[in-house]
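Given the structure is predicted, the values throughout are model-derived calculations rather than measurements. We number each residue from 1, following the sequence as shown.
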Amino acid sequence: MTVLKKFYFESESDDLLACADAAVDLGLQLLIEGEIDDEDGRFRMVGTLLSGEAETGPNSIDTWWPVPDGATLDRRVLTNSEELATVLGDPRWETNLARGYWLWIRDTEDADADFYSAAATWVIEFF
């Protein structure tokens, strides 16, 4: 995937949620991360818009995006767009290494099955 644009948001911003919804609707990946602003030392959310989308099976989520070097996965939350605001409001965003992204998660591991369905699911990971 190619980086298309970076956006910066105040934590729990309505604009971040609108951007997240638009990314899913357009089939573009949005990686959400938290960071401390170098200029004023305040916490902010960074959205990196990437080309393309991804699909995986229910047991393959942990292999889709590698854990950052030196980090250990503490908690993974799977949620839908309606509950994303609640998960983004978790205070661990400001104290832990965290990221969020969405995937099409199939109801089967078999991508070659004659029929399957997939749901757009937000994956939030705290390290």
Side-chain angles (χ1 to χ4, degrees):
M1 288 187 215
T2 303
V3 174
L4 301 175
K5 186 158 178 86
K6 279 196 180 243
F7 303 94
Y8 299 93
F9 304 96
E10 298 292 323
S11 60
E12 300 181 58
S13 164
D14 288 340
D15 290 340
L16 174 58
L17 295 173
C19 186
D21 285 341
V24 173
D25 290 345
L26 294 170
L28 298 172
Q29 183 56 258
L30 180 67
L31 173 64
I32 302 169
E33 299 172 291
E35 72 174 24
I36 303 298
D37 187 333
D38 291 337
E39 293 180 17
D40 63 13
R42 294 184 332 171
F43 176 79
R44 66 183 178 181
M45 304 292 268
V46 180
T48 304
L49 189 64
L50 304 163
S51 61
E53 58 189 3
E55 181 181 296
T56 190
N59 299 323
S60 302
I61 297 166
D62 59 346
T63 62
W64 192 80
W65 207 312
V67 172
D69 289 340
T72 303
L73 182 65
D74 178 49
R75 182 171 182 220
R76 178 179 287 126
V77 177
L78 303 179
T79 191
N80 58 32
S81 292
E82 289 79 30
E83 299 297 322
L84 183 59
T86 302
V87 179
L88 291 176
D90 189 312
R92 285 179 289 186
W93 278 96
E94 296 188 31
T95 59
N96 291 49
L97 176 61
R99 68 180 175 201
Y101 54 91
W102 72 275
L103 298 169
W104 288 109
I105 299 181
R106 295 185 303 269
D107 60 359
T108 179
E109 281 296 320
D110 184 5
D112 295 324
D114 290 336
F115 176 79
Y116 66 85
S117 64
T121 305
W122 281 94
V123 180
I124 308 299
E125 298 171 326
F126 297 100
F127 303 96

Ser13 to Asp15 - nearest heavy-atom pair and separation: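 Of all heavy-atom pairs spanning Ser13 and Asp15, the closest is OG-N, 3.0 Å.
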Minimum heavy-atom distance between Ser51 and Met1, given as atom pair plus value: O-CG, 2.9 Å
Quick one: salt bridge (charged side-chain N to carboxylate O under 4.0 Å, His left out) partners of [X], sequence neighbours excluded?
X: Glu33; answer: none
X: Asp40; answer: Arg42
X: Glu83; answer: none

In the structure I gave you, are the side-chain heavy atoms of [X] and [Y] within less than 4.5 Å of one another anywhere?
X: Val46; Y: Ile32; answer: no
X: Thr121; Y: Ile61; answer: no
X: Leu17; Y: Leu88; answer: yes
X: Leu84; Y: Ile124; answer: yes

Mind listing the side-chain donor-acceptor pairs of residues 18-27 below 3.5 Å, one per line with the distance, residues two or more places apart or on another chain?
none

Parallel, tilted or perpendicular: rings of Phe126 and Trp93 (30°, 60°): perpendicular
Could you grab the distance from atom [atom1] of [X] to atom [atom2] of [Y], nearest 0.5 Å is fine?
X: Leu28; Y: Trp102; atom1: CG; atom2: CH2; answer: 8.0 Å
X: Gln29; Y: Leu49; atom1: CD; atom2: CG; answer: 9.0 Å
X: Lys6; Y: Leu50; atom1: NZ; atom2: CG; answer: 9.0 Å
X: Thr48; Y: Leu30; atom1: OG1; atom2: CG; answer: 7.5 Å
X: Glu10; Y: Met45; atom1: CD; atom2: CE; answer: 11.0 Å
X: Asp90; Y: Arg75; atom1: CG; atom2: CZ; answer: 6.5 Å

Under 3.5 Å: donor-acceptor pair, side chain of Asn96, backbone of Ala98: no
Heavy-atom donor-acceptor pair, Trp104 side chain to Ser117 backbone, under 3.5 Å: no
Residues forming a side chain to side chain contact (heavy atoms under 4.5 Å, CB included) with Ile36, sequence neighbours excluded: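 Scan of Ile36 (side chain to side chain contact (heavy atoms under 4.5 Å, CB included), adjacent residues dropped) gives Phe43.
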Derivation and outcome, side-chain contact (heavy atoms from CB on, under 4.5 Å), residues Leu73 and Phe127: CA-CA 4 Å; Leu73 182 65; Phe127 303 96; 3.7 Å; yes
Cluster check Val87, Leu16: I/L/V/M/F/W/Y, side chain < 4.5 angstrom: yes
In one Ile/Leu/Val/Met/Phe/Trp/Tyr side-chain cluster, 4.5 Å: Phe9, Leu4: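 They do share one cluster, since a chain of ILVMFWY contacts under 4.5 Å joins Phe9 to Leu4.
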Pairs where residues 50-69 contributes a residue and the test ring pair (Phe, Tyr, Trp, His ring centres under 6.0 Å) is met, not counting sequence neighbours: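 Residue pairs with at least one partner in residues 50-69: Trp64-Tyr101, Trp65-Tyr101.
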